[in-house]
Amino acid sequence: MNLLPYVTGLAPSSSKEEPPITNMQRKRLLVASPYTDIPHLLDLDTLELPYQFMARALTVMRPVTEAYSTTPYIDAFNWHEVLSELQRIIVNEQYVFPETSYYVIVFRSQIPPTTDRSHLGDLDAAAHIEAVKGGGLLKYWFGTPNGDYRNLATCLWRNREDAKIGGAGPDHARAMREVRELYLEWRVERLRLVIDENAKGFQIIKWVD
């Protein structure tokens, strides 16, 4: 199964004190989600260069419409800015970027207004740590429920195999059991993001196994 992001609009911070990040860690650990505690950070050293550079470019990813929860995925985010950032990175690194594809999960949901979002946030945070440990999760983003309590979350992975590993642990299984009962509606889209050679263009298409 794939990691399903449990959309809450909350990113709970840890109450535990953590050791300070060393200078060496700062060079390789990337904030790639709404969570900023060390266990949630992406270790760039675990990725090949096309995935390292894409993860860095995805730090500028943001929605371009307040209706992102119901907007087609390709129109919901600033993909052209992400591509420009990727181009800037590969020029600075003097790297010939090969055509590369990424596995994308989109989770659209609607929750009842009475939902305990802090509880969902705890489930989400635990599942995210589990996914990070599995490797290959380049970006996790979620929004805030709109007036109809609809929301969108998304994961961008190095490949589908990483997503399977990331969604196979006990915290993900627990979240799945609880979420099935808590949401009014939820729907998953599987997509492929393809970045052209040297980041000259991109396309987002339906994932086909």
Side-chain angles (χ1 to χ4, degrees), residues 2-14 18 20-64 68 73 76-79 81-90 92-93 95 97 100-107 121-144 151-167 169 171-172 175 190-193 195 199 202 204:
N2 304 311
L3 174 70
L4 298 183
Y6 303 106
V7 192
T8 66
L10 299 175
S13 59
S14 172
E18 297 176 338
I21 297 177
T22 66
N23 288 334
M24 184 174 296
Q25 286 176 316
R26 288 182 189 279
K27 294 179 180 179
R28 63 182 177 85
L29 295 181
L30 182 73
V31 176
S33 77
Y35 303 105
T36 58
D37 293 342
I38 291 176
H40 293 278
L41 303 185
L42 172 63
D43 187 346
L44 293 174
D45 282 356
T46 64
L47 301 170
E48 302 86 351
L49 288 179
Y51 305 102
Q52 282 191 29
F53 296 156
M54 187 60 182
R56 287 168 55 187
L58 286 166
T59 60
V60 307
M61 176 182 165
R62 60 176 177 80
V64 294
Y68 51 77
Y73 191 69
F77 294 95
N78 61 330
W79 297 114
E81 291 180 29
V82 171
L83 193 70
S84 294
E85 178 65 8
L86 180 57
Q87 291 169 350
R88 185 192 68 79
I89 290 168
I90 63 177
N92 288 345
E93 299 286 347
Y95 179 71
F97 189 90
T100 308
S101 66
Y102 307 84
Y103 183 66
V104 181
I105 289 288
V106 185
F107 183 67
D122 291 340
L123 294 173
D124 184 74
H128 182 260
I129 290 175
E130 203 169 62
V132 170
K133 288 180 179 178
L137 179 56
L138 307 181
K139 181 70 176 182
Y140 174 46
W141 182 93
F142 59 73
T144 302
N151 203 356
L152 179 147
T154 185
C155 295
L156 289 92
W157 296 88
R158 175 170 51 184
N159 52 51
R160 186 168 181 259
E161 290 68 30
D162 288 333
K164 288 181 178 180
I165 294 170
D171 287 321
H172 179 265
R190 298 191 307 153
L191 304 171
R192 184 190 299 271
L193 169 62
I195 303 296
F202 76 98
I204 297 175

Open item on the list: How close do V82 and A57 get, counting heavy atoms only, and between which atoms?
Closed with: O-CB, 3.7 Å
- [ ] Measure across P50 and T100 and return the closest heavy-atom pair with its distance rounded to 0.1 Å.
- [x] CB-OG1, 3.7 Å
TODO: Find the distance between CG (L152) and CZ (F107) and round it off to the nearest 0.5 Å.
DONE: 9.5 Å
TODO: Scan for side-chain hydrogen bond (donor to acceptor under 3.5 Å, both in side chains) pairs involving residues 45-54, sequence neighbours excluded, and state none if there are none.
DONE: E48-R158
TODO: Any chance you could measure M61, atom CE, to T59, atom OG1, to the nearest 0.5 Å?
DONE: 11.5 Å
Open item on the list: Testing the basics here: between L137 and C155, what is the closest heavy-atom pair and its distance to 0.1 Å?
Closed with: CD1-CB, 3.8 Å
Task: Full working for side chain to side chain contact (heavy atoms under 4.5 Å, CB included) between L58 and L138 - done: CA-CA 8 Å; L58 286 166; L138 307 181; 4.3 Å; yes
Open item on the list: When you compare the side chain of V64 with that of E81, does any pair of heavy atoms fall below 4.5 Å?
Closed with: no
Task: Heavy-atom donor-acceptor pair, N78 side chain to R62 backbone, under 3.5 Å - done: yes
Open item on the list: Using 0.5 Å steps for rounding, measure from the NE2 atom of H172 to the CG atom of D124.
Closed with: 10.0 Å
Open item on the list: Would you compute the distance between atom CZ of F53 and atom CD1 of I90 and round it to the nearest 0.5 angstrom?
Closed with: 8.5 Å
Open item on the list: Does I195 form a side chain to side chain contact (heavy atoms under 4.5 Å, CB included) with Y102? I'd like the steps, not just the answer.
Closed with: CA-CA 8 Å; I195 303 296; Y102 307 84; 3.6 Å; yes
TODO: Could you grab the distance from atom CG of L193 to atom CG of L156, nearest 0.5 Å is fine?
DONE: 6.5 Å
Open item on the list: Looking at every non-hydrogen atom in both residues, tell me the closest pair between L41 and V31 and how far apart they are.
Closed with: CD2-CG2, 3.6 Å
Task: Atom of N151, atom of Y68 and distance for their closest heavy-atom approach - done: OD1-CE1, 3.6 Å
Task: Straight-line distance of Y103 OH to I105 CD1, nearest 0.5 Å - done: 3.5 Å
Open item on the list: Name the residue from F142, Y35, W141 that meets the ring-ring contact (aromatic ring centres under 6.0 Å, His included) definition with H128.
Closed with: Y35
Task: Pair listing, salt bridge (Lys or Arg N to Asp or Glu O under 4.0 Å) test, anchored in residues 128-137, at least two apart - done: none
TODO: Sequence neighbours left out, what passes salt bridge (Lys or Arg N to Asp or Glu O under 4.0 Å) with E161? Give chain and number order.
DONE: none
Open item on the list: Would you say that D43 contacts L29 through its side chain, given a criterion of any heavy-atom pair below 4.5 Å between the two side chains?
Closed with: yes
- [ ] Kindly give the heavy-atom pair with the smallest separation between F97 and A199, and that separation in Å.
- [x] CD2-N, 4.2 Å
Task: Working for side chain to side chain contact (heavy atoms under 4.5 Å, CB included), residues L42 and V132 - done: CA-CA 7 Å; L42 172 63; V132 170; 5.9 Å; no
Task: Candidate pair Y73 and V104, rule side chain to side chain contact (heavy atoms under 4.5 Å, CB included), full reasoning - done: CA-CA 10 Å; Y73 191 69; V104 181; 3.5 Å; yes
